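Single-structure report; data block below.
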There are 2 protein chains.
Amino acid sequence: MVTIKDISERCGVSRATVSKALNGHTDIGAETIAQIRRVAKEMGYLPNATARTLKLGRSHNIGVLFVDKTGSGLKHEYFSSILDSLKVEAERRGYDITFISKDIGEFSMDYYEHTKYRNCDGVVIASVDFSDPAVIRLIASEIPTVTLDFVYDNRTSVLSDNIGGPSALVHYVYEMGHRRIAFIHGEDTSVTQKRLISFHKTCASLGIRVPEGYVRPAIYHDPKSSGIATRELLALPDRPTCILYPDDFSFIGGMNELERHGISIPNDMSVAGYDGILLSQVLRPRLTTYRQDAEAMGREAAARLVEAIEQPKTCLPQQIMISGQLLKGDTVKDIND
Amino acid sequence: MVTIKDISERCGVSRATVSKALNGHTDIGAETIAQIRRVAKEMGYLPNATARTLKLGRSHNIGVLFVDKTGSGLKHEYFSSILDSLKVEAERRGYDITFISKDIGEFSMDYYEHTKYRNCDGVVIASVDFSDPAVIRLIASEIPTVTLDFVYDNRTSVLSDNIGGPSALVHYVYEMGHRRIAFIHGEDTSVTQKRLISFHKTCASLGIRVPEGYVRPAIYHDPKSSGIATRELLALPDRPTCILYPDDFSFIGGMNELERHGISIPNDMSVAGYDGILLSQVLRPRLTTYRQDAEAMGREAAARLVEAIEQPKTCLPQQIMISGQLLKGDTVKDIND
DNA sequence: TCAGGTAACGAAATCGTTTAAGCCCGTTTG
DNA sequence: CAAACGGGCTTAAACGATTTCGTTACCTGA
């Protein structure tokens, strides 16, 4: 491994001079700089991030916390998209990405300790159980954090528009003539609560009555539970004309159930999903859904975190709302007389 | 930040003693150890991975290279599953995971340089363009690497059974009476080549003739291209009775195309996918497919890499084959008279 | 009683890099 | 002409941890 020391010996200058030359300090002669840079390239010198981190207290490494109950949240395209754009933006700004976990090896640590242990400059937190005290400890710590779809006190967060999404969907199906709209929602989280409230509020504002039994629980990303909810909806005396699913993938369960009953989409039943993942756009009929801009969320999270790291003084915590987009597919029938 | 020095002062011993006590050396008195450990806990001491890495030359951090042309390979469930289990196993063995990229910040490096820069102890390489010289440079370097679904010289690799998969599928549909079997394959990679050869070889061994035009190219994970290939197959004078798709997700494109032609699965056409992702198991009819054991692949990759890192002397490079499993769904009809 | 053994701990170097402070010397300025 | 200045470098300490040798002090056996 070629180090600054090797270069300094080769060039007949001190290590300090080499360091400064390589880092663009102005108190080194132009030709000395040129020579040092040339020799460095010749010898194949690479800076050592570890030594730098130790000395400077900055690692240029950010941690990500992406764990849900079912292992990592990575299997959900929404989260893997976020991670992807987060990674791209972070790298563009000179930061690497490391996963943060509990219990590394036989050493048991919590998230906060792990982050300190690895000297991460900051952390992005998504897809976790925000009721976990270990998560809260990290968010509430002195370490810069950005949370996704969760607001904690006065910390920076990036939020999908969980109010606008359901609202847009309800407004759209309303325009298409639907008045009997059912809503299948995911597990009880703050995201779900927001969507649920938005659904009810929008319905109320449009003068739509939501009958008992039209709002049913299921589990995100679980077609089976959405299938069951669908079956229950179909058994109601006054069937809905439109069903909103908790997410695109869960819709598959509903799709199967409807097919089993010989109910055609959208002729006999209108449906819409949520997320706008790739799948929703390749299904036929194309699924009407609300696309969350995962790419923007990841990018924004990285950008805000790096900002918080690099300008701790001037950087105010903020909640950033990333709006999504209604994708009008072919699964909502226009039933206006 | 509380360091070993702080503890040493508090306990009235030297830093060396603290370090040894914390690391379980035997040349420290039992009660001294007890006291040091107690004080360390009291003061909230955390080891500093950076300092340790610098001193020991071992980071307990492994890099992952998961990039395909379309951004990261993360959007494909096969790869995100691998990454997930890789992460779990690595963490269990005391290693963290960092993404390796080109061009970190304005500093441009290749993969090898990035790995050295971050002092990663080893790298897992998957889902990349193996014809990229930068990838080859990394694989061929002195850094321990494990490649997935790619064999390079005498390096360790973990391989999905790309011979057994197509073979199992062909045998199965053969048993179900099919003799006119079409095969849509992905882009030209070593994986594709193996599957293609396996398809042809298995057909030959079963005495199945593969007519001109029954083998068609498409793109992995791209329903559109598989849809086109499907349309072409349907236009043939002697239509196949069964179509094998490059992967489960691509099958969606075929499904749409078949539906458009009013062709019912499996009554009018039998189909099978590849991968065994979640989607394939929630579709109705359930997709017949060959499940790649992504979980085992990630786990094995981590295990082998850590072994190579920790026992460089006794650890031989090896190719590990992870076999998958035929999932008999409901999309292949038994057409035996 | 004394050589030799051992248990318990410390001094100091080291990993690769950065940086505050200082030094030397030629040039400018009052 | 002396003092002040500044460009260009160097010295040395520091970041936090580990480890190789010592160095004690105490014990044991002959």
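Everything numeric in this text was worked out from a predicted model, so none of it was measured.
- Counting non-hydrogen atoms under 4.0 angstrom, B:Val18 reaches nothing in the nucleic acid.
- DNA chain C is contacted by no residue of residues 43-51 of chain B, taking any non-hydrogen atom closer than 4.0 Å.
- At a threshold of 4.5 Å between non-hydrogen side-chain atoms, the residues B:Leu159 and B:Ile320 do not count as touching.
- The side-chain hydrogen bond (donor to acceptor under 3.5 Å, both in side chains) check on A:Tyr220 picks up A:Thr192, with sequence neighbours excluded.
- Looking at residues two or more places apart in sequence or on another chain, you find a ring pair (Phe, Tyr, Trp, His ring centres under 6.0 Å) between B:Phe130 and B:Phe150.
- Residue-level contact check: A:Ser19 touches the bases, meaning some heavy atom is under 4.0 Å from a base atom.
- For A:Glu31, the CD atom counts as loosely surrounded, since its 6.0 Å shell holds 12 or fewer non-hydrogen atoms of other residues, nucleotides or ligands.
- Within the 4.0 angstrom heavy-atom criterion, base atoms lie near A:Thr17.
- Salt bridge B:Asp6/B:Arg15: absent, no basic N to carboxylate O contact under 4.0 Å.
- Heavy-atom neighbours of B:Arg10 CZ from other residues, nucleotides or ligands within 6.0 Å: at or below the threshold of 12.
- Taking the six-membered ring wherever Trp is involved, the centroid distance between the rings of B:His76 and B:Phe79 falls below 6.0 Å.
- Boundaries of the chain B contact region on DNA chain C are C:dA8 to C:dG16, first to last in 5' to 3' order (nucleotide atom under 4.0 Å from a heavy atom).
- Nearer the 5' end of DNA chain C, as judged by each residue's closest nucleotide, is the contact made by B:Asp27, out of B:Asp27 and B:Lys55.
- Residue-level contact check: A:Lys5 touches neither bases nor backbone, having no heavy atom under 4.0 Å from any strand.
- Here the side chains of A:Cys120 and A:Ile100 are in contact, with some heavy-atom distance below 4.5 Å.
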Return all side-chain donor-acceptor pairs below 3.5 angstrom for residues 308-318 of chain A, not counting sequence neighbours, or 'none' if the list is empty.
residue: A:Glu310; atom: OE2; partner: A:Tyr95; partner atom: OH; Å: 2.9

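- On the nucleic acid side, DNA chain D contacts chain A at distances under 4.0 Å to non-hydrogen atoms, with the end points of that region at D:dG8 to D:dG16.
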Could you walk me through whether B:Val123 and B:Leu138 satisfy the side chain to side chain contact (heavy atoms under 4.5 Å, CB included) test, starting with their C-alpha distance in whole Å, then the side-chain angles of each, then the deciding distance to 0.1 Å, before giving a yes or no? CA-CA 9 Å; B:Val123 189; B:Leu138 177 57; 4.0 Å; yes
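- If you check the side chains of B:Thr53 and B:Asn119, you find no donor sitting under 3.5 Å from an acceptor.
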